[in-house]
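Working notes, beginning with the structure itself.
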Amino acid sequence: MSAERVSVQELLSSRFAEAIARVAGVAPQSVDPQVRAAADARFGDYQCNVAMSLARTLKLKPREVAERIVDEATKGAGATERRSDEATKGEAATIFEPLEIAGPGFINIRLTDEFLSRYLAEIPAADASPAPAPNFAERWDSVAPDEPWADRFGIPPVNAAHRQRVVVDYSSPNIAKQMHVGHLRSTIIGDVFVRVLEFEGHAVRRQNHVGDWGTQFGMLIAYYADHPMPDVCGGDVMAALEADYRAARSRFESDPEFASAARLAVTKLQQGDVAARLSWEAICLTSEAGFAGLYVQLGVKLRKMDNCGESFYQRDEDRLTPVVEELRAKLPPRSPEDQPPPLPVGRVECRDDQGALCLFFYDAQDEPRFKGPDGSELPMIIRKSDGAFLYATTDLAALRYRTREIEFVEAATEPRSHGATEGSEGATERRSDEGENGHGATEPTSHAGAPTGVLRGATRLIYVTDARQKLHFEMLFAAARAVGWAPPDRVRLEHVTFGSVLGDDKKPLKTRSGENVKLQLLLNEAIERAKAVLQKRFVDDEIAKDFQIDEDANQDEALDAELEAVVKERRTVGYRLYELVANTVGVAAVKYADLCRDRNSDYVFSWDKMLAMQGNTAPYLMYAYARIRSIYRKAATGQGLSDADLTRAVYDPSVRLALDHAAERALALRLARLHETIDELASNLLPHVLCSYLYELAADFMRFYENCPVVQAADEATRLSRLRLCDLTARALKLGLHLLGIEVIESM
RNA sequence: GCGCCCGUAGCUCAGUUGGACAGAGCAGCGGAUUUCUAAUCCGCUGGUCGGGGGUUCGAAUCCCUCCGGGCGCGCCA
């Protein structure tokens, strides 16, 4: 393969773009070749749909255009790939079978088995000894970079020229309140973007914009003046905090003396009073400990260093007043005598209205862009008539900070050539204070990984919040563009919305008493329900039998002490495994159920569906993974080999991937598409496309499994080939699920 | 009133941003197990893509209109 490995779709797209460019007489860069995965397997693997639309501009018949494209794409280097590596001895590998034109002018592309086989064969084996992941307690406080990718599946990071500096704003809970289902989607969807963009090689900063400033702190500070704060190490911290918050609130309403103390506390806090500040800090720290527990359980990458809440913009330094002043200076109201200027993108002006400082928005026709119920123009208020700032002000300040000040550490890393070093990590962002080789990667440092310095300001801002805040973000982005903090050619602004979680009644999910469902309780129930599902499976299992024996033990005097001890130990081990599996499956089911739907639509929460073994669910995918690993273990022990030994044999360069059976070929094609699927997710920010891919992959594997014996394959070459397919599938599932924030288990 | 989102099989949802006769899972019916983990696989049944009009080689997808549902709309976040 060429030095820069690209996805199959990219490879075909560039070939066809060149061919089309020659046919149409334009530059290849200006062509969209419209190469897509084929709608139906009968039409091949990919299809090019460009001929029909091109026919009109060329004033030719579509089929004629298609024929010319086919000629260009087929001749010379168009259809073959120059190979220079030793293993293939310079042979030319034909990429696709003779192209076919069908229907009105579709060009059907079928990859050759040889190409597919070699494309997959070039994926190096996974690193057998990945760096151990730090435990969460270490990671929560750490500012070290994330652990590197143990296995990139042969997918290189983007090259330096395309590296984005991305801020992902997600989760954003409120201090002293328990997270509820409303925070679930933001937290896990945002985390997927972080993972995928990091994997793609972009520089990513997570920002947890926590609600840690405001009037509610007055009540809490006053309350904790004569009450103990919840113990961070004792039980459910968040529940205790929230109970205190409620108590404080009701006291605020009934006790005038307390109320004035609370108001005084707010003033003191804002003035930097030391006692008030210490109390505030203690409350925040207690609350963060609660969040940390939930984040670890959810397997979310957020850490303490990612906390950059509302207080950041007004606590130690007033970052809001300068923002307001800059808006006022740069967006002055238009004076009446001004001629209406040409307004291609509309206009924003900053002026006082009814005592409040506001931003007003106008469209290209200079008409108000947003209107209220009475038809009057609708502003974004950035300073209340009493002089106080609001969330809009903080959001503007945060946006300015993120496009101008926030720091990214750039590592100048060239895309690695593949096969040079097997399975180790190429392009994790490394911080300058971390030193070289901080992650136990054993490869020679053949590629440049040294940090080159700090860059300020993001080139892409992603906000993950529910769809109801859409209007707010439209205003926010319009203001940012108008004032020049986010020039469209330099900064991409994306509000990633998602729908609500609904109950069976199709109304937003609530408890019977009408409250938001607490995230912690939701996860606890998920684990309990996963246990119930697993128990059914364990009925015929030895572990379950052991349970039975153990329960009957005191009645059965024949059971001697030694046997009892053995049973007890097995029971303990089995139970631990069972706990682990239930925890992993339960949390995975909740996360996956959320991610596998188009995030824009509301979704109906259903325990039975998310824990089902059939269909597009976490348990199905995890089971597929466990099943593959089981085959692999069986193959290894059957020959008295270790997993590592077997892997060495399976990934030996002499092994040729045979794709003779239809199920083998379908699986191979699917595996080859992981790369383009991840690329797609990185650009359209739709996690469910990766979910669909993984489900199809698992289904393809199941069909392969039913049809193609692996361990008992007819001959050794087939056995090794199929074991290779098994391992590649396991790795693709593991990587894909990991990008979705879901970890696999080796045995279920 | 204005703005945004949605309406696809009995149910829950996909549909690659305008491409081929609209696809899965569940439910229903019928098959496959001396297993490489059946927690699986295969087959069948099931549709006026909310209705109508338009744009073009081609529409579930884009435009208009109506019906039905959700959300948002000045000093909360």
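Just so it is clear: chains get the letters A, B, ... in the order the sequence lines come, proteins before strands, and each one is counted from 1. Computed from heavy atoms alone, side chains included, the values below leave out hydrogens, waters and symmetry copies. From a predicted model like this one, the values you see are computed outputs, not experimental measurements.
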Could you tell me whether the phosphate oxygens of [N], OP1 or OP2, come under 4.0 Å of any side-chain nitrogen or oxygen in [X]?
X	N	value
A:K506	B:U12	yes
A:R703	B:C42	yes
A:Q614	B:U40	yes

Could you pull out all residues at least two apart from A:D40 that satisfy salt bridge (charged side-chain N to carboxylate O under 4.0 Å, His left out)?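 A:D40 satisfies salt bridge (charged side-chain N to carboxylate O under 4.0 Å, His left out) with A:R42 once adjacent residues are dropped.
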**Prompt:** Looking at A:Y46, does the NZ or CZ of A:R36 lie under 6.0 angstrom from its six-membered ring centre and within 45 degrees of the ring axis?
**Reply:** no
Practice item. Identify whether the glycosidic angle of B:U45 places it syn (within 90° of 0) or anti. Key: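 You should classify B:U45 as anti.
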Would A:F106 pass as stacked on B:G19, i.e. its ring centre under 5.5 Å from the base's six-membered ring centre and planes under 30° apart? no
Identify whether any heavy atom of A:D353 sits under 4.0 Å from a base atom; if not, whether one sits that close to sugar-phosphate; answer base, sugar-phosphate or nothing.
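Touches a base.
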For RNA chain B, determine which residues of residues 368-376 of chain A have any heavy atom closer than 4.0 angstrom to one of its atoms, and list them numerically.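 A:K371, A:G372, A:P373, A:S376 - these, ordered by number, are the residues of the stretch whose heavy atoms sit under 4.0 Å from the strand.
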| request: Taking side-chain hydrogen bond (donor to acceptor under 3.5 Å, both in side chains) as the test, write out the residues that go with A:E310, two or more places apart. | output: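 If we apply the side-chain hydrogen bond (donor to acceptor under 3.5 Å, both in side chains) test to A:E310, skipping adjacent residues, there are no hits.
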Across every strand shown, the nucleotide meeting Watson-Crick or G-U wobble geometry with B:U34 (both distances under 3.5 Å) is none
*asked:* Using a distance-only criterion (donor-acceptor N/O pair, under 3.5 Å, no hydrogens), is the base of B:A20 paired with the side chain of A:Q47?
replied: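 Checked by distance alone, the answer is yes.
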